[in-house]
4 protein chains.
Amino acid sequence: MGGTMDRTKQQRRGNTRQRIQDVALELFAEQGYEKTSLREIAEHLDVTKAALYYHFKTKEEILVSVYDDLTQPILDLIEWGRQQPHTLETKQEIIRRYSEILSGATKLFRFMQENQATVRELRIGETFKERMQGLREIVVDPDADLVAQVRSVSALFTLHAGMFLLQDLDGDQESKRKAVLEVATDLITQAHGGGGDE
Amino acid sequence: MGGTMDRTKQQRRGNTRQRIQDVALELFAEQGYEKTSLREIAEHLDVTKAALYYHFKTKEEILVSVYDDLTQPILDLIEWGRQQPHTLETKQEIIRRYSEILSGATKLFRFMQENQATVRELRIGETFKERMQGLREIVVDPDADLVAQVRSVSALFTLHAGMFLLQDLDGDQESKRKAVLEVATDLITQAHGGGGDE
Amino acid sequence: MGGTMDRTKQQRRGNTRQRIQDVALELFAEQGYEKTSLREIAEHLDVTKAALYYHFKTKEEILVSVYDDLTQPILDLIEWGRQQPHTLETKQEIIRRYSEILSGATKLFRFMQENQATVRELRIGETFKERMQGLREIVVDPDADLVAQVRSVSALFTLHAGMFLLQDLDGDQESKRKAVLEVATDLITQAHGGGGDE
Amino acid sequence: MGGTMDRTKQQRRGNTRQRIQDVALELFAEQGYEKTSLREIAEHLDVTKAALYYHFKTKEEILVSVYDDLTQPILDLIEWGRQQPHTLETKQEIIRRYSEILSGATKLFRFMQENQATVRELRIGETFKERMQGLREIVVDPDADLVAQVRSVSALFTLHAGMFLLQDLDGDQESKRKAVLEVATDLITQAHGGGGDE
DNA sequence: TATGAATGAGCCTTCATTCAT
DNA sequence: TATGAATGAAGGCTCATTCAT
């Protein structure tokens, strides 16, 4: 009986859940959450829609599961950051590590970036906002002047955006990431120094 | 007769098209494009769905019309920018003017920002990309080093993002805009100066 | 003021009704009745849908008016036929005249032929059926054997079908009509003679 | 369990697809393709519209599937005819067999006959035209004179039309079919003999 | 560990028609 | 002799979800 199962089916055994997550993320990132139907995901995997429901309770839960798996490092980073003194060095290190995290799950973060309107209405929306808030609290000094605060936020955001907006620029992926990181680090450094004009 | 028509209906006459655009933008920005149905728009206006189709050929066309009306200033800005020498002053002026344009149509740009995945598949997607490209060409020096280029792009992007990401920060709208503008101007200035590490 | 009216508008004066009929028949014949919308007709004429309603009460009435105008000759033919003795000569003459009538309003008859399902549900459906019945009564001898009756009906039908089904055959329109007429005449003649096998 | 399901639902299991085809053909033939809505079909079957879409991708595909199932015999006939010498006997046999095929799927062919305008725009339109062309090529001698060719085409067409146009005539279905077949056979025979006047 | 069959809600769109001007 | 604006009904289709097997 097992012998009649061909290689493809055999490989599939036991990791369908993972495969669903992979395909889903791929499609969500490419086409957006709403434009990606469960039918489409199922077809890509050569299973039925009902199979998806064996592994996940809803469409949203597929996304949530991917999100949870891939953003754990951010939680860890925040955890770590909270226990450090809020020195410039800490902030720079946060920026550095965050840059690495982002490039470790490009697809997900691209998805989050491009589907904000959708994500806002989903469970992960709130969660993500909280995490960003968590990062901010470490990186932004609430007593600094407005310009300094903006600079800090801009540092975080430059990292985020960098991944997608630089696609048209020349240069290999890694050196672009380095450049982005440098700009972000500069921003955070300037913000720490003083911020405004003086 | 005519007198039997109540105020509400009368006011409506002749500006339904405009009202559709307003409500649509409002809802698109709030809930996203896909999540906003024509039924919903129609209900907000107290007309039937079919009335929308008298004024616009498709759902997409409603968006396009809003987009065209509201982004004309960007076209003008690009036009202007192209005729200037690419000096630092020009770039700073571009940044300044772009900041003003953005804050003149917050809803639309928030929509564009938060619905990138959707927008990418629509007609306006390509258009918008082209315009951004147009701005970049003026502001980014292709011969500068990578870091300088990133800084320039980051300037543009900081403007974009600034409008939404700063909502949780203290301060009134206008002073926040000023702060964002300052950071962006700094970025463009540094980029022009040299860019990198020296 | 009349002087500002250009040639096109001027020509239009007073014959809009006729132009509606022409365009409508053209489109009905080409695309079918249901697939042709009033919007389409109006656009072809460069007027609004509402203008059509000034001239005709309903979509169906446009068709009815065309039908009535163009099938009057059939009524006349039936009238004439009823007053003749049901001799072979009469039948042959009916066939001959009917052939002429058909080729005088090809579009309408093509329409009738190709939209039977639709036409059946319209007012003209019943009317047309009656007229065909009228022709039959003259041409088909109810006392003849079944085969003879079929031959007679086939004669009529061959005329009908001939117009459309022969489009792929070689030869000019007129000589094809002659050929069809000859076959139909033969059929009616054989039917009259005896019909069956003997 | 299982016992709680009433007879009706139980019967339904596993043959819904077939039932859709049956009901659809019935309604298409009766009211025409466009006038028959999916809602109507669904209601006749006591299922939802969405159920139809589980079994067929589009409305058109329902028709196509019926068409394909029911016109396979024509393909076989053409196949057979092509391998025979184009003698009179072959032609007569084609006519005979075609007559049988037609009376084996009356509803479909009535539908095709009465919805030509619609069918022309559908996928089956082209297909059907090709098949008719296939039959013609066997039955019509391209070197014969025009009248002979018309006679041949008329033979085919008389068969087609015979099924519907004779409904008002007396006589049972089968003897009418025989009569029609005889007339068609005569036509094909005369066409083969010479055709014209001599 | 999946599938086959179906549902209910909703979507975008089109249509014939109306009516005040 | 027309138009501008709108309506109500319906149509085809897609989607996330369910459930018995």
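Computed from a predicted model, the values in this text were never measured in an experiment. Chain letters run A, B, ... following the sequence lines, proteins first, then strands; residues in each count from 1.
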Any donor-acceptor N/O pair, B/Tyr67 side chain to B/Met112 backbone, under 3.5 Å:
no
A/Phe28 ring centre to A/Lys59 NZ or CZ under 6.0 Å, with the angle to the axis within 45°?
no
For D/Glu61 and F/dT14, give me the distance from atom CD to atom C1', rounded to whole Å.
15 Å
Distance check needed: E/dC11 P versus B/Ile41 CD1, whole Å only.
11 Å
Report yes if some heavy atom in the side chain of D/Phe109 is under 4.5 Å from a heavy atom in the side chain of D/Leu70; otherwise report no.
no
Taking C-beta and beyond as the side chain, do D/Thr118 and C/Glu34 meet within less than 4.5 Å on heavy atoms?
no
Tell me the interatomic distance from A/Leu52, atom CG, to E/dT1, atom P, rounded to whole angstroms.
15 Å
By nearest heavy atom, map C/Thr36 and B/Glu40 onto DNA chain E; which one lands nearer the 5' end?
B/Glu40
What is the separation between atom CD on A/Glu43 and atom P on E/dT3, rounded to the nearest whole Å?
13 Å
State which of F/dT17, E/dC15, F/dA2 makes the closest approach to the side chain of C/Ala51.
F/dA2
Considering only side-chain heavy atoms of A/Tyr53, which listed nucleotide, E/dT18, F/dT17, E/dA6, is closest?
F/dT17
Under a 4.5 Å cut-off applied to non-hydrogen side-chain atoms, are D/Thr71 and D/Leu108 in contact?
yes
At a heavy-atom distance below 4.0 Å, what parts of residues 22-33 of chain A sit against DNA chain F?
none
Spacing between D/Asn15 atom CG and E/dG4 atom C1', to the nearest angstrom:
14 Å
Can a donor-acceptor pair under 3.5 Å be found between the side-chain atoms of A/Lys59 and the base atoms of F/dT17?
no
First encountered from the 5' end of DNA chain F, between C/Arg17 and D/Leu38
C/Arg17
Might you point out which heavy atoms bring C/Ser65 and C/Phe56 nearest each other, and give the distance in Å?
OG-CE2, 3.4 Å
OP1 or OP2 of E/dG4 less than 4.0 angstrom from a side-chain nitrogen or oxygen of A/Thr48, does that happen here?
no
If every non-hydrogen atom of D/Ala24 is compared with every non-hydrogen atom of D/Ile41, which pair is closest and at what distance?
CB-CD1, 3.9 Å
Is there a side-chain polar atom (N or O) of D/Arg39 under 4.0 Å from OP1 or OP2 of F/dG11?
yes
Which nucleotide, F/dT17, E/dC15, E/dC12, lies nearest any side-chain atom of A/Lys49?
F/dT17
Could you tell me whether the phosphate oxygens of F/dA16, OP1 or OP2, come under 4.0 Å of any side-chain nitrogen or oxygen in A/Thr58?
no
Picking from B/Glu30, B/Glu26, B/Glu114, what satisfies salt bridge (Lys or Arg N to Asp or Glu O under 4.0 Å) with B/Lys107?
B/Glu26
Within this structure, what is the NZ-to-P distance between D/Lys35 and F/dG12, rounded to whole angstrom?
13 Å
Please check if the side chain of B/Tyr33 supplies one atom and the backbone of B/Glu60 the other of a donor-acceptor pair under 3.5 Å.
yes
Using atom CD of D/Glu34 as one end and atom P of E/dC15 as the other, report the distance to the nearest whole Å.
11 Å
Closest heavy-atom pair and its distance - C/Ile124, C/Leu63:
CD1-CD2, 3.6 Å
Dot-bracket for DNA chain F, 5' to 3', with Watson-Crick and G-U pairs under 3.5 Å, [ ] for crossing pairs and | for other-strand pairs: what is it?
.||||||||||||||||||||
Answer yes or no: does a side-chain N or O of A/Tyr54 lie under 4.0 Å from OP1 or OP2 of E/dT1?
yes
E/dA2 phosphate, OP1 or OP2: any side-chain N/O from A/His55 under 4.0 angstrom?
yes
Using whole Å, what does the distance between atom P of nucleotide E/dC15 and atom NZ of B/Lys57 come to?
13 Å
